[in-house]
Amino acid sequence: MATRAPDRLAAVPPNRPVRPRRRLRRHLVHQLDVKGSPYAYVAPFFLLFSAFGLFPLAYTAWVSLHEWTLLQDEHPFVGLDNFRTLLADDYFWNATFNTLSIGVLSTAPQLLLAIWLAHLLNRPLRAQTFFRITLLLPNVTSVVAVVVIFSQLFGRDFGMINWVFSLVGVDGVAWNEGVLSSHFAISTMIMWRWTGYNALIFLAAMQAVPRELYEAATIDGASGMTQLRRITIPMIKPTIIFVVITSTIGAMQILAEPLLFSSYIITGGVDRQYQTLALFIYENFTKLDFGYASAISWMMFVFIVVIAGINYLLTRRGKGGLS
């Protein structure tokens, strides 16, 4: 018995740090998963954005510095000559004015109407789902169909709007010939198409406002408009800023509505009375003048950044900033 005890003790394997190593490995894998997986999830977006966003943007900037046409094999470097020519181009400033005019006429009433519709749908109503789906229908409708229908409504000779004017003794309006009339007609198309979409965004934000605030305001005798001004709008202000910026960007990129309203006349009417910046870019692309068109694109990008920044500052400071 005495001689077997040492052998039995010798057969016992020494303690090895197997479990601590496994725990360390699992801890490293867990940390890598927690910290690295978010970057892996968003990596496809940044890869696609780099390929289809950043690269075209940088390449357009390079092209804008050249006399780049498909009619020539060589593309000489001209520096900022395209931008100098652009700033002296009356057609460019006319397109800029048209873009800003249509943008203001369509964006400001659209946002006010969207907030009002969202406020109405935020109340207890029957068939709420039906009304919400109805608001989204204009947005999913083809823009070609929308412009075709509105072009008939705003027709000079047989349009329904001019027919209504004739019933009250008002002469018909040549909507696509005047500057203000054409801007109003195009803005109406844009408002009809995007008001419901923005209303649903506002409605989603209003759903997060605590109901206790409305109940307390109702007990205090506040009307619906007072609750909208004093409770709803301040509480959804970040969403309002977001919608204002996105609507501004969309207004600066208007292309389909003026193009289809003029029956595919890329000059935006005979006198260019409603040619937008996007339509002006398209016109120069059809002329195969890629260098000049790229310069216009970059100027439009600068305008979008500046105007979006101004809108952000105005909406942020409107009520004293975000809390």
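Only heavy atoms go into these numbers, but all of them, side chains included; no hydrogens, no water, no symmetry mates.
A heavy-atom distance below 4.5 Å is not found between the side chains of Glu283 and Tyr91. No side-chain heavy atom of Arg193 sits under 4.5 Å from any side-chain heavy atom of Val147.
Note: Phe154 and Phe150 have parallel aromatic rings, judged against thresholds of 30 and 60 degrees for the angle between ring planes. Between Trp62 and Phe77, the ring planes are tilted. Angles from 30° to 60° get that label.
For the side chain to side chain contact (heavy atoms under 4.5 Å, CB included) with Phe92, the lone residue among Asn94, Asp90, Thr96 that qualifies is Thr96. Considering Phe290, Trp68, Phe280 in turn, Phe290 is the only one that fulfils the ring pair (Phe, Tyr, Trp, His ring centres under 6.0 Å) rule with Phe285. None of Leu86, Asp289, Asn82 except one satisfies the side chain to side chain contact (heavy atoms under 4.5 Å, CB included) rule with Ile296; the exception is Leu86.
Taking OG1 from Thr239 and CG from Asn198, the interatomic distance works out to 11.5 Å, rounded to the nearest 0.5 Å. The OG1 atom of Thr232 lies 6.5 Å from the CG atom of Asn122; values are rounded to the nearest 0.5 Å.
The local environment of CZ in Phe242 is sparse, with at most 12 non-hydrogen atoms from other residues, nucleotides or ligands closer than 6.0 Å. For CG of Asp220, the number of neighbouring non-hydrogen atoms (other residues, nucleotides, ligands) closer than 6.0 Å is greater than 12. Residue Glu67 places its CD atom among 12 or fewer non-hydrogen atoms of other residues, nucleotides or ligands, all under 6.0 Å distant. Within 6.0 Å of CH2 on Trp116 lie no more than 12 heavy atoms contributed by other residues, nucleotides or ligands.
Closest approach of Val63 and Ser294 over heavy atoms only: CG1-OG, 3.4 Å.
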Exercise. Do Asn176 and Tyr274 pass the side-chain contact (heavy atoms from CB on, under 4.5 Å) test, and can you show the C-alpha distance, the side-chain angles, and the key distance before you say yes or no?
Worked result: CA-CA 8 Å; Asn176 60 347; Tyr274 51 91; 4.2 Å; yes
Could you pull out all donor-acceptor pairs under 3.5 Å where a side-chain atom in residues 40-61 meets a protein atom, sequence neighbours excluded?
{"residue": "Ser50", "atom": "OG", "partner": "Phe46", "partner atom": "O", "Å": "2.7"}
{"residue": "Thr60", "atom": "OG1", "partner": "Pro56", "partner atom": "O", "Å": "2.6"}

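Tracing side-chain contacts under 4.5 Å through hydrophobic residues (I, L, V, M, F, W, Y), one reaches Leu117 starting from Ile231; they form part of the same cluster.
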